[in-house]
Asks: 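Following this message is one structure expressed as structure tokens.
Heavy-atom basis, side chains included; hydrogens, waters and symmetry copies ignored. The chain is numbered in sequence order, starting from 1.
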Amino acid sequence: MPPVMANTITPLKKISEEAGDLFARLSWPAPNNELYKRTDLSLLRNGFTPEAKNCLTERSEHLTGLHEFAEDHPGLIEEKLGRLIPAARGKLEAMNMAQAQDGIVLHLPEGRTLDTPIFARFHCSGKTNAAFFTRNLILLGRGSRATLIEDWSGESSTTALTVGATEIYLEEDAELNYVVIQNLGDSFHSFAYEAAHVAAGARLHLFHLETGGAARRLDIAADAAGPNAQSRITGAVLGHGRQNFDTVIIQRHQAPHTASDMLWKSALWGRSRSSFYGLIKIEQGANGTEAYQTANNLLLSQDAQAIPDPRLEILADDVRAKHAATVGHLDEEQKFYLMSRGLNERDAEHILTAGFMHDTAGRLPENQARWTVAAQLEKMLVP
């Protein structure tokens, strides 16, 4: 008598298949969609070929591949994956979950501290209309601490696509420094979704250095879900040529005495464009919350363009919340002063632009991460 075969479908495969069904049923965001109205999605309808290989080329020992982790921890996959960024949220999110070849998982148990930063390097290269999908999961137990630095690069002779998603769960009093350095090639159209659940007393420091890609869409949501939860989000965008950066950041406060602080800076050359939609949402009962959001843009050519759009939605009493946005050019008096001291115009502009960006890296509390970002920022600012 042949043995009875158990149902071998794994939680990861089940999630992936369900996402594939959703992708087939969902529609692309409409042109007038509030969150996508500045992102050109027409390219996606042309059809891309998912690459069988993933982009992950190097990872520190504390990181695990998504499929490997799913085999060892099916319960955690079932419990966590796709909860913060569900496939049902939209066609791109469903496409990512259905097609994700791999990704990284950082899983630290309660009270574990990593004293030095850990790294993951992604390099995407592929054939005509190649598409790459990654899914990351970060799980920090109560009181655990870590710094994770992701480095992205890529090359392709034709238009290429990346769609990535990262879900972050910080339990009580955990702390994460998460740095993403994005320097994809000029042929890439890139979409990235990040969502964080920050429990009571936990702290999230999220940093993005964005320089690559023909078009880059970044969607970040951080939920301060427990009392005294904190999130600090920082972005440094350097745009050249005809690059288009479209960023959406939502800071939600769901418990009392939470705090969030966001600083997003763009320096734009040529005909590049940076648009920013930010929302601070303070929900009922989140009294004692402090929330700040600032978007500053420096235009370094007459044809560069910046479109900041910060907003507030406050449903609680006794809170402090404010947002600010600026768009401007270099100070001509300061430039003239530097040139009067012997610098040529290019070097004077470089010094002023570096000064404009300087405070972004300083917001990271971990030394090596801060130095890594500062060095990369200085390198990418070289005219």
Asks: Would you say the side chain of Leu140 lies within less than 4.5 Å of the side chain of Ile138, judging by non-hydrogen atoms?
Replies: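 Yes, side chains in contact.
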Asks: Please evaluate residues Arg311 and Glu34 with respect to the criterion salt bridge (charged side-chain N to carboxylate O under 4.0 Å, His left out), reporting the C-alpha separation (whole Å), side-chain torsions for both, the decisive distance (0.1 Å), and the verdict.
Replies: CA-CA 13 Å; Arg311 302 185 185 193; Glu34 179 67 19; 2.9 Å; yes
Asks: Would you check if there is a donor-acceptor pair between the side chains of His257 and Thr289 at a distance under 3.5 Å?
Replies: no
Asks: For the hydrophobic clusters of this structure (ILVMFWY residues joined by side-chain heavy atoms under 4.5 Å, transitively), does one cluster hold both Leu238 and Ile149?
Replies: yes
Asks: Should the pair Glu349-Arg346 be classified as a salt bridge under the 4.0 Å nitrogen-to-oxygen rule?
Replies: no
Asks: At their closest point, which heavy atom of Ala19 faces which heavy atom of Ala87, and how far apart are they?
Replies: CB-CB, 3.8 Å
Asks: Looking at every non-hydrogen atom in both residues, tell me the closest pair between Arg203 and Leu170 and how far apart they are.
Replies: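 Here Arg203 and Leu170 meet closest at O-CD1, 3.5 Å.
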Asks: Taking the side chain from Ser301 and the backbone from Gly270, do they hold a donor-acceptor pair closer than 3.5 Å?
Replies: yes
Asks: Would you please test Lys14 and Glu18 for salt bridge (charged side-chain N to carboxylate O under 4.0 Å, His left out) and show each step?
Replies: CA-CA 6 Å; Lys14 180 172 181 288; Glu18 289 174 351; 2.9 Å; yes
Asks: Could you state the interatomic distance from OG1 (Thr326) to NZ (Lys265), rounded to the nearest 0.5 Å?
Replies: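 Here the interatomic distance stands at 8.0 Å.
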Asks: Can you confirm whether the side chains of Thr360 and Thr234 place a donor and an acceptor under 3.5 Å from each other?
Replies: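 No, Thr234 and Thr360 have no side-chain donor paired with an acceptor closer than 3.5 Å.
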Asks: Strictly distance-based, threshold 3.5 Å: is any side-chain N or O of Glu167 a donor or acceptor partner for the main-chain N or O of Leu84?
Replies: yes
Asks: Can you check whether His208 reaches Gln182 side chain to side chain, under 4.5 Å on heavy atoms?
Replies: no
Asks: Is any side-chain heavy atom of Gln305 closer than 4.5 Å to a side-chain heavy atom of Asp303?
Replies: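 In short, these two side chains do not touch, never coming nearer than 4.5 Å.
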Asks: Return the OG1 to CD distance between Thr166 and Glu150, rounded to the nearest 0.5 Å.
Replies: 5.5 Å
Asks: Is it true that the side chains of Thr57 and His123 contain a donor and an acceptor less than 3.5 Å apart?
Replies: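 Thr57 vs His123: no donor-acceptor pair found between side chains.
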Asks: Verify the cluster assignment for Leu76 and Ile15: are they in a single hydrophobic cluster under the rule of side-chain heavy atoms below 4.5 Å apart?
Replies: yes
Asks: Do the side chains of Val237 and Phe207 join up, straight or via other hydrophobic residues, at under 4.5 Å, putting them in one cluster?
Replies: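 In one cluster: no.
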Asks: Do NZ/NE/NH1/NH2 and the carboxylate oxygens of Arg121 and Glu58 come within less than 4.0 Å?
Replies: yes
Asks: Hey, what do you get for CD1 (Ile85) to CG (Leu137), rounding to the nearest 0.5 Å?
Replies: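 Output value for this atom pair is 10.0 Å.
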Asks: Whether the side chain of Asn136 engages the backbone of Ile104 through a donor-acceptor N/O pair (distance < 3.5 Å, no angle test) should be reported.
Replies: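 Flag set: sc Asn136 to bb Ile104 pair under 3.5 Å.
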Asks: Between Phe276 and Val327, is there shared hydrophobic-cluster membership here, with clusters defined by ILVMFWY side-chain heavy atoms closer than 4.5 Å?
Replies: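 Phe276 and Val327: separate clusters.
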Asks: Got a salt bridge between Glu194 and Arg135, using NZ or NE/NH1/NH2 to carboxylate O under 4.0 Å?
Replies: no
Asks: Are Arg38 and Asp246 close enough for a salt bridge, meaning some N to O gap below 4.0 Å?
Replies: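 The answer is no: the pair does not qualify as a salt bridge.
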Asks: Hey, could you give me the NE2/CG distance between His240 and Asp186, rounded to the nearest 0.5 Å?
Replies: 10.5 Å
Asks: Keeping Asn287 on the side-chain end and Asp317 on the backbone end, is there a donor-acceptor pair under 3.5 Å?
Replies: yes
Asks: Side chains of Thr211 and Asn183: do they bring a donor and an acceptor to under 3.5 Å?
Replies: yes
Asks: Does any donor atom in the side chain of Ser260 or Gln251 lie under 3.5 Å from an acceptor atom in the other side chain?
Replies: yes
Asks: Can you find a pair of side-chain heavy atoms, one from Arg216 and one from Phe188, that are under 4.5 Å apart?
Replies: no
Asks: Report yes if some heavy atom in the side chain of Glu175 is under 4.5 Å from a heavy atom in the side chain of Pro365; otherwise report no.
Replies: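 Answer yes - side chains close enough.
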Asks: Any salt bridge linking Glu17 with Lys13? Criterion: basic side-chain nitrogen under 4.0 Å from a carboxylate oxygen.
Replies: yes
Asks: Do Leu279 and Glu313 come within less than 4.5 Å of each other through their side chains, counting heavy atoms only?
Replies: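 Yes, at least one pair of side-chain atoms sits under 4.5 Å.
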Asks: Does Leu218 reach the side chain of Phe191, with side-chain heavy atoms less than 4.5 Å apart?
Replies: no
Asks: Below 4.0 angstrom, N of the basic side chain to O of the carboxylate: do Glu345 and Lys335 qualify?
Replies: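 A salt bridge is present here (some side-chain N lies under 4.0 Å from a carboxylate O).
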Asks: So if you build clusters from Ile, Leu, Val, Met, Phe, Trp, Tyr with side-chain heavy-atom gaps below 4.5 Å, do Tyr292 and Leu315 land together?
Replies: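 Not linked; separate clusters.
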Asks: Would you call Arg363 and Asp261 a salt bridge, taking side-chain N to carboxylate O under 4.0 Å as the test?
Replies: yes
Asks: Measuring from Tyr178:OH to Ile233:CD1, what's the distance to the nearest 0.5 Å?
Replies: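 Going from the OH atom of Tyr178 to the CD1 atom of Ile233 covers 12.5 Å.
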Asks: Please tell me if the side chains of Thr134 and Trp152 come closer than 4.5 Å, counting only heavy atoms from C-beta onward.
Replies: yes
